[in-house]
Structures are given as structure tokens and as C-alpha cells.
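Worksheet: one structure, shown below.
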Amino acid sequence: MAETKKIAVIAGDGIGPEVVAEAEKVLQKVGEVFGYSFETEHALFGGIAIDEKGTPLPAETLEVCKRADAVLLGAVGGPKWDNNPKELRPETGLLGIRKELGLFSNLRPAVVFDCLKDASTLKPEVLEGTDLMVVRELTGGIYFGEKFRRQTEHGEEAVDTCAYNVTEVERIARQAFDIAMKRRKKLASVDKANVLETSRLWRETVIRISADYPEVELEHVLVDNCAMQLLRRPSSFDVIVTENMFGDILSDEAAMLTGSIGMLASASMGEGSYGLYEPVHGSAPDIAGQGLANPIATILSTALMLRLTFGYGEAADAIERAVAEVLDAGHRTSDIAAGRGDALSTTQMGEQILNAIRK
């Protein structure tokens, strides 16, 4: 029996508990098939933690995460907490847990399954061959810069400061180059260097780091052009690396290439193999408890965990194959059913994937 791996499980809000439940079943099945041992510990985070503990990131939750080898997160947030003060918003908890756990990069793969080309709003021929990875810097930039308001002669003025230092750019750039080396050896660095000083520092640093990766073809793309090219020529991208806010926007755009944001996994990583794994989609409180949520993104996030944190590549491959097999067989949840009336529930889709997992 393999060494027991500890996983902090945070179901979160809305559909989070439903999709995480299916991912936990996948973990159990993988353990049985491949002889792995997993120990899970649950903790409160996000909106439910605000309601029950008075804070989106309770100290005990942070301790559970620090004791674990990896974190599996469902989804957090919802309109219920939108009007709370900043310190009592689920999003504040997300920023805080990334900072506390040293998670400085977010990896978001976007792969278009052949059988789901018709689920996207783009033409199938545009999507052909799309398989890209967005590497987003997570702990710097405008989200973490100084924020304040002040009175001016024109009324109240709000200020958000965007700041990056060389160390922050170097570490995310190296991670992106390393990922590109394991893929098709193409890297698009996205910035706004024609306007922003932070982007000029970003570009200068990426160019300097590129000298250590002569095999990787480096392309510099302005963020507005990148947004356009993702719709025009998505298959030409391999790895995209960019700063926090640009990455937030572009990774959601890339997610929609696949036909549904319910298909996209993500990993937030630090210096080593520790990671926090979560679906790209939100908590979707409007469908919570109805069995309509697509669990695939969370299940594929679990596959990422097995691959990146635990080094269980064979098991990760098995999960990804199972998902592809189930989709190829025509099984769909409502978000990718294209109006068909035979959509599966959350648990039914999870069961189909479980049954398809094998060595």
C-alpha cells in the first residue's frame, strides 16, 4: 500500500458540496484501482464559514490546509454575501488562502473535446486542435496593491494600485517556461507593455529569463490582442503566462472555448508540489441542490492533483480517459446537453465516470 496522502477538502458554497462529493468518490475509486491511500479532512471556507464562524477563512481551516499535502476546493461565494464589507466576503478568503499557503500561480488547462465542439459558440473548425494552458500570477498586481478612496474637487475618487517586482515575475515566468518545455515548447507572454510600467518590467524580465530556455518559442502578446486571438486562432496557443487581473479574465474566456465553464479544472501552486485544486466555475447558487451541476471540472481538478502534487500520472490518465470515454458515449449534463432532454444529473454523471475508471 502506498503512503497515505492527506487532502484538505473544502466543499464551499452553492453547488460546491455536490461536485466535491463526486470528486471524493473518484478519489476512493482511484485508491481501490491503483492501491493508493488517501485521508481527507473537511473544513469550512467562504460564505458558509462567514455564516458559521464569522470569517471567510477561519484559523482552523487554514491549519487543516497546512497539515494536508493538497487542498480540494469546490466553489465559494454567492449574492447572499455580495453586500458584505470587504473582510466578510468569500472572495477575500480566496485571496487570503492563496497568500497564506504561498500559492503564486494558477494553472488553467483548456482542452476542447472533439465530441463537444458543437457545445461551443465558436465554429468547430476554429476550435480544432485547441489544447492550451493559462498560467496566471496569483499573489501580486492590482488585486493585492494599495487601495483607498479620497475626496477631490470632482467628488470621491477610488484608487487601486498595480505593483509587481522582479522576483514575482521571475518565478511565474520560470514556471511557465518549465510547463512549456513539457508541452509544445511555445509560450505567449501577455502584457500591456505599450501603456503600463508594470507590463514593461514584466516583459523585460520574461525576455531575460527566456535566455535559459532557448528551445521555447516566446511570443509577446498585448492583452487586448490576446483576447481577440483566443477567439480567432485558439489552437495556435500552447502556454499563456500573464499577470493576475489579465489572467483572471483571459482564463475565463479560454474556458468558454470548451463549451462550458463546467468542464475546466485548475490548480493553484507554490514553489513545491503543494497545490490547491478547484473547478474554474463559480458556486452557481441558482442551481444548488437541484442535481444539475456538472462535476467534470472538479473531477478533472482531482486528476490534476494526482498528477502535479502526488506524481500519480497513471491514475490521472485513467480519470481523464474515463471522462473522455463518457463524453464520447454521448453522456451529458444539462450545461453541455445542447437542449437535449436526456441530460444526466450530477450524481449520474459522476457514476458514469466512476464506472469508466480502470488501469
Legend entry - Verdict with reasoning, Arg307 to Glu320, per salt bridge (charged side-chain N to carboxylate O under 4.0 Å, His left out): CA-CA 11 Å; Arg307 187 184 307 283; Glu320 291 165 359; 2.9 Å; yes
Inset, instruction - Could you go through the side chain to side chain contact (heavy atoms under 4.5 Å, CB included) check for Lys5 and Met305 one step at a time? - result: CA-CA 11 Å; Lys5 302 296 185 182; Met305 177 195 299; over 6 Å; no
Inset, instruction - Give the intermediate values and the outcome of side chain to side chain contact (heavy atoms under 4.5 Å, CB included) for residues Arg184 and Glu217. - result: CA-CA 9 Å; Arg184 302 196 305 274; Glu217 177 188 340; over 6 Å; no
Inset, instruction - Could you please spell out the steps behind the ring pair (Phe, Tyr, Trp, His ring centres under 6.0 Å) verdict for Tyr36 and Tyr312? - result: CA-CA 9 Å; Tyr36 300 142; Tyr312 295 162; 3.6 Å; yes
Inset, instruction - Begin with the C-alpha distance, continue with both residues' side-chain angles, and end with the deciding distance and a verdict on side chain to side chain contact (heavy atoms under 4.5 Å, CB included) for Glu100 and Lys66. - result: CA-CA 9 Å; Glu100 289 290 335; Lys66 288 180 176 178; 4.0 Å; yes
Inset, instruction - Quick one: do Met256 and Thr121 satisfy side chain to side chain contact (heavy atoms under 4.5 Å, CB included)? Show the steps, please. - result: CA-CA 8 Å; Met256 291 312 297; Thr121 54; over 6 Å; no
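Residues Glu39 and Arg67 are not paired through a salt bridge, judged by the lack of any N-O separation under 4.0 Å between the basic side chain and the carboxylate. Classification of Glu197 and Arg200 as a salt-bridged pair holds, one side-chain N sitting under 4.0 Å from a carboxylate O. By the 4.0 Å N-to-carboxylate-O rule, Glu314 lies too far from Lys359 to be salt-bridged with it. A salt bridge is absent between Asp238 and Lys186; no separation between the charged side-chain nitrogens and carboxylate oxygens falls under 4.0 Å. Glu243 has no carboxylate O lying under 4.0 Å from a charged side-chain N of Lys192, or vice versa, which leaves the two without a salt bridge. A salt bridge between Asp82 and Arg89 is absent, with no side-chain N of the basic residue lying under 4.0 Å from a carboxylate O of the acidic one.
The main-chain N or O of Asp131 is found under 3.5 Å from a side-chain atom of Arg183 such that the two form a donor-acceptor pair. Counting only distance, with no hydrogens or angles, the side chain of Lys185 and the backbone of Glu215 share no donor-acceptor pair below 3.5 Å. Under the 3.5 Å distance criterion, the side-chain polar atoms of Glu137 are matched with a main-chain donor or acceptor of Thr139. Side-chain atoms of Gln151 never come within 3.5 Å of backbone atoms of Glu157 as a donor-acceptor pair (strictly under, hydrogens ignored). No donor-acceptor distance shorter than 3.5 angstrom exists from the side chain of Glu63 to the backbone of Glu60, with no hydrogens or angles considered. The closest donor-acceptor contact from the side chain of Asp69 to the backbone of Lys6 lies under 3.5 Å. Side-chain atoms of Lys147 come within 3.5 Å of backbone N or O of Ile142 as a donor-acceptor pair. Panel note: side chain Gln290, backbone Asp286; a donor-acceptor pair is recorded below 3.5 Å. A donor-acceptor contact shorter than 3.5 Å is absent between the side chain of Gln229 and the backbone of Arg232. Checking side-chain atoms of Thr302 against main-chain N and O of Thr298 turns up a donor-acceptor pair under 3.5 Å.
Phe310 and Phe38 have tilted rings, their planes meeting at an angle from 30° to 60° on a 0 to 90° scale.
Atoms CG and CG, on Leu57 and Leu44 in that order, are 11.5 Å from each other to the nearest 0.5 Å. Separation of atoms CE (Met263) and CD1 (Ile296) is listed at 4.0 Å; rounding is to 0.5 Å. For the atom pair CG of Leu231 and OG of Ser120, the computed distance is 9.0 Å after rounding to the nearest 0.5 Å. Taken to the nearest 0.5 Å, the CD1 atom of Ile209 stands 13.0 Å off from the CD atom of Gln175. Between the CG atom in Leu304 and the OG1 atom in Thr309 there is a gap of 9.0 Å [rounded to 0.5 Å]. In this structure, Ser105 OG and Arg174 CZ are separated by 14.5 Å, a value rounded to the nearest 0.5 Å.
Considering all non-hydrogen atoms of both residues, Ala267 and Leu308 come closest at CB-CD1, 4.1 Å. The minimum heavy-atom distance linking Asn294 with Val19 is given by the pair O-CG1, 3.7 Å. Residues Gly262 and His281 share a closest heavy-atom pair of CA-CD2, 4.0 Å. Taking each heavy atom of Ala255 and Val280 in turn, the nearest pair found is CB-CG1, 4.5 Å. Here the shortest heavy-atom pairing between Ser251 and Val134 reads CB-CG1, 4.0 Å. For Tyr274 against Cys65, the heavy-atom pair with the smallest separation is OH-O, 2.5 Å.
Looking at heavy atoms from C-beta onward, Val135 lies in side-chain contact with Val239 at the 4.5 angstrom threshold. With a 4.5 Å cut-off on side-chain heavy atoms, Asp178 and Tyr213 count as touching. At a threshold of 4.5 Å between non-hydrogen side-chain atoms, the residues Met133 and Ile240 do not count as touching. Considering only heavy atoms from C-beta on, Val111 stays 4.5 Å or farther from Thr130 through its side chain. Val221 places none of its side-chain heavy atoms less than 4.5 Å from the side chain of Ser189. Contact of the Thr346 side chain with the Ile15 side chain is not registered, since no non-hydrogen atoms from C-beta on lie closer than 4.5 Å. Side-chain contact between Val241 and Trp202: present, with at least one pair of heavy atoms (C-beta onward) separated by less than 4.5 Å. In this structure the side chain of Val112 reaches within 4.5 angstrom of the side chain of Lys117, judged on heavy atoms.
The cationic group of Arg171 lies under 6.0 Å from the six-membered ring centre of Phe104 and within 45° of the ring axis, placing it in a cation-pi geometry. Stacking of Arg233 on the aromatic ring of Phe237 is recorded, both the 6.0 Å distance cut-off and the 45° axial limit being met.
Taken together through direct or relayed side-chain contacts under 4.5 Å among Ile, Leu, Val, Met, Phe, Trp and Tyr, Leu62 and Phe144 form parts of separate hydrophobic clusters. Linking ILVMFWY side-chain heavy atoms closer than 4.5 Å, directly or via other members, places Leu95 and Val76 in two distinct hydrophobic clusters. The hydrophobic cluster containing Leu300 also contains Val9, counting ILVMFWY residues as joined when their side-chain heavy atoms lie under 4.5 angstrom apart, directly or transitively. In the hydrophobic cluster analysis, where Ile, Leu, Val, Met, Phe, Trp and Tyr join through side-chain heavy atoms closer than 4.5 angstrom, Leu94 is grouped apart from Met269. Connection of Val30 to Val20 is established within a shared hydrophobic cluster, with ILVMFWY side chains joined at heavy-atom distances below 4.5 Å, either directly or through further cluster members.
The number of heavy-atom neighbours closer than 6.0 Å to CG of Asn83, taken from other residues, nucleotides and ligands shown, is 12 or below.
A donor-acceptor contact closer than 3.5 angstrom is absent between the side chains of Glu325 and His331. Neither side chain, Asp13 nor Trp81, offers a donor N or O lying under 3.5 Å from an acceptor on the other. In the model, Asn244 has no side-chain atom that pairs as donor or acceptor with a side-chain atom of Tyr164 under 3.5 Å.
Tested against His220 for a side-chain contact (heavy atoms from CB on, under 4.5 Å), the candidates Val190, Leu187, Ile207 yield a single pass: Ile207.
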